[in-house]
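Positions are given from 1, in the same order as the sequence printed here.
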Amino acid sequence: MSSLLEQATQEMTAAIHAWFDERLQRTDLEDAVNRTTLQMGIFSDLLLDYKPGRTTADDFHLTDTDEFAPRTPSRLDEAVVRNSIAPQLIAMVQAKLETLADTPLIDYHFRFRGKFRTAQGTLHLNLLDHVNEGKRLTLLERIHNYVTQKLERGNRPTKKLETFFLTRHLLDPHLFPQPDIAWTIAQFERIEQLNKSRPQALAEHRSDIIQAVSAWAEKQFLPQFYDVQQSAYGGTEYTLKQDAAPDAQALQPIDLLLYGAVMILRHEPSYAKPKGLKFLESARELGSERAVRMLKEGSGSFPDADIHLKNALLECRANDVFATISISIAREEQDAYAQALVFITHLLQNGFPKSYQIKFKSKVKQYLPLKGLARSDTHRFFANALAHAALQPQLEAYARAAIEQFEFYADTEGEKNCMPGTYATFGLGLLDARYFPLVQHYMANIDAEHQCVQDQFTAAFAEKHGVTTDSIAVLAACLRACTDNAKVRIQAELEEVEKLELFCQQLLGLEGYLIEHMLYPVWGKLEKLAALARKAQGRRKELLLALLAAASQADA
């Protein structure tokens, strides 16, 4: 055992030395921490992963997988790791920190953790939790100065890097052991307000806020009351502790949990929504009356007039927590649908979740003449509205407010999955050339990895409008957004040289892989197009060969 102990100790100390030595070779340490006053150091974690013969040290998260499934007698005893090796490793890292803690290399708070394969199984140890009090106090002063100067008194957009650090600092228990939740939320809202003029930047700031609040909820707040376990599918399962009896003081931060839930539900993609709902359900389970109201009536983020409308024609009610809009048509008149469209569009323009669904009550049941679309209430509402020609401008306004990449109607899934704005755009695009620009805008935002209903629309669009100077740019946009399962029957039209010229003008100049992708719904594999080119003559032959040459660049 002594030789095994010595060998294991050497492996671990060598890995730790290598970790420090590698990072000390960096020449950008000063530059990195000088990017913002809110960063005191670069590294805050050292993770030792002991596997006999393959020990590593890193600053990334350790996984729980164990490639060394067979447990052999040559493994270290757990008691030896705890009582003999761990103290040596702690002393070694402490010695390193004595010389490096005040440098830009080490953050104000530094943790040293270990994962060890032992004869009794995998052992996880928190070996060292070091707080540099001088750096901590300096950072606190900088945080308060930043909040005062940049947020409370400032009127200019802030930097994403500053938000990244600030959001995490405000929820760090070493910096704010008893945070003022209302004040903290106010800072997050001020960041949003200062950056609202730049939509892309605003989305990035919100993402940092959501990540910080989610990490706080999952690692600090909820584990106080729930047993947390990773499911077999990679999700997180929360089971309320049997002895959990939170008092009023313990539940004071629950408003932050609710704030995080609303931020996720309003601004994150649809796949993230279950986490927001879980936060809300947890708050309700812990006794929050506000959570009960939010689950029933919504987050409270919208005025009552925006989420409820009732008159002789219809009743509309919206709940942003569940992303539902209930519409009940009392009288089947054009103005009923006009009012409903105004209601929906106004909500979407003011932050209502784009991945929503309509719960619809009406005596009329119409659907778009397209295969592959979900026969849902949402679909039926827009099909009914499209029957009123005077509402077409309103439907376009709705569609432009609704279209958002990576968002999907909440009542569609699988092959029927579709982006908000789909039904209005498809209906308008088939009805009138005035809405061709809307179709192009829609196609430019499609997430083709998670949606294929555009295939059927493209086929219908080609059949309805054909290949013309007006339609060709739209048709090209549709082909670009199609999946490889699309079948677009325009070969007969492209027998005409003039129409083939129009088609080539849209494709030539694009990247080869994209040209091949756009040709496939029309001709299938390039071999078939090559066979047609060999039989063609004159200008038609030249154009087909040009398409083939451009598409072949995909394999170059």
- Heavy-atom closest pair (Leu46 atom, Ala57 atom, distance to 0.1 Å) is CD1-CB, 3.9 Å

- Item | Sequence-distant partners of Gln349, side-chain hydrogen bond (donor to acceptor under 3.5 Å, both in side chains), two or more places apart | none

- Between Glu407 and Lys354, is there a salt bridge with N-O shorter than 4.0 Å? no

- Item | Results of salt bridge (Lys or Arg N to Asp or Glu O under 4.0 Å) for Arg293 - residues two or more places apart only | none

- Query: Do the non-hydrogen side-chain atoms of Leu166 and Leu151 ever get within less than 4.5 Å of each other?
  - Reply: yes

- Message: For a quick check under 3.5 Å, do Thr324 and Gln357 share a side-chain donor-acceptor pair by atom type?
- Response: no

- Message: Run the ring-ring contact (aromatic ring centres under 6.0 Å, His included) test against Tyr367 and tell me which residues pass, sequence neighbours left out.
- Response: His379

- Message: Testing the 3.5 Å rule here: is there a donor-acceptor pair between the side chains of Gln187 and Arg190?
- Response: no

- Message: Just so I know, are the side chains of Arg400 and Leu438 near enough to count as touching, which here means a heavy-atom distance under 4.5 Å?
- Response: yes

- Query: For Asn319, what residues pass the side-chain hydrogen bond (donor to acceptor under 3.5 Å, both in side chains) criterion, not counting sequence neighbours?
  - Reply: none

- Task: Give a yes-or-no answer on whether the side chains of Thr378 and Asp411 include a donor-acceptor pair shorter than 3.5 Å.
- Result: yes

- Query: So, do Ile344 and Ile327 sit near enough that their side-chain heavy atoms are less than 4.5 Å apart?
  - Reply: yes

- Message: Contact between His109 and Asp129 at the side-chain level, heavy atoms closer than 4.5 Å - yes or no?
- Response: yes

- Query: Looking at side-chain heavy atoms only, is the closest gap between Tyr108 and Thr138 below 4.5 Å?
  - Reply: no

- Note on the structure: Nearest heavy-atom contact between Phe382 and Tyr423 is CB-CB, 3.8 Å

- Message: Quick check: closest heavy atoms across Pro393 and Tyr435, and the distance to 0.1 Å?
- Response: N-OH, 3.7 Å

- Query: Met419 versus Ile446: any side-chain heavy-atom pair under 4.5 Å?
  - Reply: yes

- Item | Pair Asn195-Arg198, side-chain donor/acceptor within less than 3.5 Å | yes

- Query: Are Lys275 and Glu268 ion-paired here, with the side-chain N under 4.0 Å from a carboxylate O?
  - Reply: no

- Could you state the interatomic distance from CZ (Phe279) to OH (Tyr259), rounded to the nearest 0.5 Å? 13.0 Å

- Centre of Phe165's six-membered ring, under 6.0 Å away, within 45 degrees of the axis: is that where NZ or CZ of Arg168 sits? no

- Task: List in chain and number order the residues that pass side-chain hydrogen bond (donor to acceptor under 3.5 Å, both in side chains) with Arg136, two or more places apart in sequence or in another chain; answer none if no residue qualifies.
- Result: Glu133

- Decide whether Glu332 and Tyr337 meet the rule of one side-chain donor and one side-chain acceptor closer than 3.5 Å. yes

- Under the salt bridge (Lys or Arg N to Asp or Glu O under 4.0 Å) rule, collect the residues that match up with Arg206, sequence neighbours excluded. Glu192

- Message: Counting C-beta onward and ignoring hydrogens, is there a side-chain heavy-atom pair between Leu280 and Leu265 closer than 4.5 Å?
- Response: yes

- Query: Hey, what's the ring geometry for His450 with Phe408, parallel, tilted or perpendicular (30° and 60° as the breaks)?
  - Reply: perpendicular

